[in-house]
Structure formats: C-alpha cells, structure tokens
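So the structure is just underneath, and the comments pick up after that.
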Amino acid sequence: MTAEKSERVYNEAETQAWLAANLPHWTLEDGWIRRKYRTGGWKGTLMVVNTIGHLAEAAWHHPDITLSYAWLEVRLSTHSAKGITGKDFALARKIEEVVQWQPGLEGGALEGTPRDDQRFAYIKYD
C-alpha cells in the first residue's frame, strides 16, 4: 500500500462496505472502526492487548484500546488524516488475523488451546 493510498480518507459508506466485505465483526462508530473482543478473564485480556500492542508498534499505527476484566475494545482512526484510511483497514485486518487464529482448526502440528478446560480459555472466538 503506498503512502498516498494509505492516507486516502474513506467516507462512511465506503468504510461500512469495506468492513462488511472484509471484517464483518468490526463496525464504524463516531469516526472510528471498532472491534470488541471477549476473553476468558484478565489473563486473556492482557495477552490480547499485548498482541495488539506488538502489531501496532510494528506497523507504526496505534489504536485506542479500552479494556476490562474479560473484554477489550480496539478503535482505529488515522489522526493525521482525520478519518479512516487504508492504514486502519490494514492494521484491523492483521489484528483480526492474529487474535482470531485457531491453530487447532488447521490440522497441523500446533494443536491450539484445550477447548474443554476453562483453565486454559483466554479468548472467546467468534
């Protein structure tokens, strides 16, 4: 994505259409694209917020995050452009990809967390 394309501000209709087609669990509200993740408790919330922090820092594009014991909300908007840009879509897609990853469903060497034991639950997958 070029710098020029990533700074293009998408209008409300374009943003809602893009989210519906690509990230249906994200919404547009008050000038932000948003996603709420539910977790199994404090440990899971911290793991998810740290994952998002790593991705945001690597991308050099930083979300607003609100969190509590068993949930967190991520909000993205490009402050320098005063709206939703390709940067927001790209980071939201990466966050969704990593946070919702379930290796146990892929059938590879990584088995994923045990589903039948709540001691190991950390995120509530969609």
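Please read these numbers as outputs of a predicted model, since none were measured by experiment.
Residues T45 and S68 approach most closely at CG2-O, 3.4 Å, considering heavy atoms. G31 and L28 get closest at one heavy-atom pair: C-CD1, 4.3 Å. Closest of all the heavy-atom pairs between Q100 and D126 is OE1-N, 3.3 Å.
For the pair L72/T66, no side-chain contact is recorded, criterion being any heavy-atom separation below 4.5 Å from C-beta on. In this structure, the side chains of N22 and R93 come closer than 4.5 Å at one or more pairs of heavy atoms. Residues R34 and D30 form a side-chain contact, since some pair of their non-hydrogen atoms from C-beta on lies under 4.5 Å apart. The closest side-chain heavy-atom distance from S77 to I84 is below 4.5 Å. The side-chain heavy atoms of Y125 and R115, taken from C-beta on, include a pair separated by under 4.5 Å.
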Mind running side chain to side chain contact (heavy atoms under 4.5 Å, CB included) on T78 and E7 for me, showing each step along the way? CA-CA 8 Å; T78 303; E7 290 292 331; 3.9 Å; yes
Assess the residue pair L19 and I33 against the criterion (side chain to side chain contact (heavy atoms under 4.5 Å, CB included)); give the C-alpha distance rounded to whole Å, side-chain angles, the decisive distance to 0.1 Å, and a yes or no. CA-CA 9 Å; L19 292 174; I33 59 172; 3.7 Å; yes
Assess the residue pair Y69 and T39 against the criterion (side chain to side chain contact (heavy atoms under 4.5 Å, CB included)); give the C-alpha distance rounded to whole Å, side-chain angles, the decisive distance to 0.1 Å, and a yes or no. CA-CA 8 Å; Y69 176 77; T39 69; over 6 Å; no
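Listed by first and then second residue, the ring pair (Phe, Tyr, Trp, His ring centres under 6.0 Å) pairs involving residues 17-44 are W18-F89, W32-H79 (not counting sequence neighbours).
Of the charged side-chain nitrogens involved, at least one lies within less than 4.0 Å of a carboxylate oxygen, so that R75 and E73 count as a salt-bridged pair. For the pair K94 and E97, the salt-bridge criterion is met [side-chain N within less than 4.0 Å of a carboxylate O].
With hydrogens and angles disregarded, no donor-acceptor distance shorter than 3.5 Å links the side chain of R8 to the backbone of T85.
Of the inter-residue distances, the one linking W71 atom CH2 with K36 atom NZ reads 5.0 Å to the nearest 0.5 angstrom. To the nearest 0.5 angstrom, K87 atom NZ is 12.0 Å from L76 atom CG.
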Identify all side-chain donor-acceptor contacts of residues 48-63 below 3.5 Å with residues at least two apart in sequence or on another chain.
{"residue": "N50", "atom": "ND2", "partner": "L46", "partner atom": "O", "Å": "2.9"}
{"residue": "T51", "atom": "OG1", "partner": "M47", "partner atom": "O", "Å": "2.9"}
{"residue": "E57", "atom": "OE1", "partner": "H62", "partner atom": "NE2", "Å": "2.9"}
{"residue": "H61", "atom": "NE2", "partner": "D88", "partner atom": "OD1", "Å": "2.6"}

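Enclosure of atom CD in E106 by more than 12 non-hydrogen atoms of other residues, nucleotides or ligands within 6.0 angstrom is indicated.
In the hydrophobic clustering of ILVMFWY residues, with side-chain heavy atoms under 4.5 Å counting as a link, W101 and F120 come out apart.
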